[in-house]
Participant: 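Okay, handing you the structure first.
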Amino acid sequence: MTCRDDILDAVRTLIRQKGVNEFTAHEVVEYMRAHGTNYKENTIRTHITTGLMTINAAKHHSKTHDDFERTADGVYRLIGG
């Protein structure tokens, strides 16, 4: 599993628990820490807040994924489930 895979699993669980399709990077970091992630906080945040996984963020990487959309300052939603 990659960091992206682990983030997607965490996000799916968080939105299912919350009952609403929205989350923050902080929530994902805290969830992954609580479940024993080996990824550093900065790595997780970079995946979420940059164009690596977020469709409407600046693209600074050669390979990107349209997993999330930023809906407000620091708030994201999962695209497509």
Participant: Residues two or more places apart in sequence or in another chain: which of them pass ring pair (Phe, Tyr, Trp, His ring centres under 6.0 Å) with His26?
Facilitator: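 His26 satisfies ring pair (Phe, Tyr, Trp, His ring centres under 6.0 Å) with no residue once adjacent residues are dropped.
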Participant: How many angstroms lie between CD1 in Ile7 and CG in Leu52, if you round to the nearest 0.5 Å?
Facilitator: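 Output value for this atom pair is 8.5 Å.
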Participant: Which value, rounded to the nearest 0.5 Å, describes the distance between Asn42 atom CG and Thr49 atom OG1?
Facilitator: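 Rounded to the nearest 0.5 Å, the CG-OG1 separation comes to 8.5 Å.
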Participant: Which heavy atom of Ala57 sits nearest a heavy atom of Gly51, and at what distance?
Facilitator: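 Nearest pair, atom of Ala57 first, then Gly51: CB-N, 3.6 Å.
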Participant: Is there a side-chain contact between Leu14 and Gln17, using heavy atoms and a 4.5 Å cut-off?
Facilitator: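 A side-chain contact under 4.5 Å exists here.
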Participant: Say you draw a straight line from CG of Leu8 to OG1 of Thr13; how long is it, rounded to the nearest 0.5 Å?
Facilitator: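 Going from CG on Leu8 over to OG1 on Thr13, the span is 10.5 Å.
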Participant: Return the minimal non-hydrogen interatomic distance between Val29 and Arg45, and the atom names on each side.
Facilitator: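 In this case the closest contact between Val29 and Arg45 is CG2-CG, 4.0 Å.
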Participant: At their closest point, which heavy atom of Ala25 faces which heavy atom of Ile48, and how far apart are they?
Facilitator: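 Where Ala25 meets Ile48 most closely, the heavy atoms are CA-CD1, 4.0 Å.
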Participant: Using the test ring pair (Phe, Tyr, Trp, His ring centres under 6.0 Å), find all partners of Phe23 that sit at least two apart in sequence or belong to another chain.
Facilitator: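 Per chain and number, Phe23 pairs via ring pair (Phe, Tyr, Trp, His ring centres under 6.0 Å) with Phe68, Tyr76.
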Participant: For Glu22, what residues pass the salt bridge (Lys or Arg N to Asp or Glu O under 4.0 Å) criterion, not counting sequence neighbours?
Facilitator: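 In terms of salt bridge (Lys or Arg N to Asp or Glu O under 4.0 Å), with neighbours along the sequence ignored, Glu22 is linked to no residue.
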Participant: Is the side chain of Tyr31 donor-acceptor paired with the backbone N or O of Ala10 at a distance under 3.5 Å, no angle test?
Facilitator: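 No; zero donor-acceptor contacts below 3.5 Å.
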Participant: At what distance, to the nearest 0.5 angstrom, does CG of Asp9 lie from OG1 of Thr37?
Facilitator: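 The OG1 atom of Thr37 is 11.0 Å from CG of Asp9, to the nearest 0.5 Å.
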Participant: Could you pull out all residues at least two apart from Lys18 that satisfy side chain to side chain donor-acceptor pair (under 3.5 Å)?
Facilitator: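 Side chain to side chain donor-acceptor pair (under 3.5 Å) list for Lys18, sorted by chain: Glu27.
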Participant: Working to the nearest 0.5 Å, report the span between CD of Glu69 and CD1 of Ile79.
Facilitator: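 Spacing of CD (Glu69) from CD1 (Ile79) equals 5.5 Å.
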Participant: Considering residues at least two apart in sequence or located in another chain, which fulfil the side chain to side chain donor-acceptor pair (under 3.5 Å) criterion with Asn38?
Facilitator: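 None.
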Participant: So, does Asp66 use its side chain to make a donor-acceptor pair with the main chain of Ile55 at under 3.5 Å?
Facilitator: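 Looks like no, no N/O pair under 3.5 Å.
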Participant: Mind checking salt bridge (Lys or Arg N to Asp or Glu O under 4.0 Å) for Arg70 and listing every partner two or more places apart, or none if nothing turns up?
Facilitator: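 Arg70 satisfies salt bridge (Lys or Arg N to Asp or Glu O under 4.0 Å) with no other residue.
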Participant: Is there a path of hydrophobic side-chain contacts, each under 4.5 Å between heavy atoms of I, L, V, M, F, W or Y residues, that connects Met32 with Ile15?
Facilitator: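 Same hydrophobic cluster.
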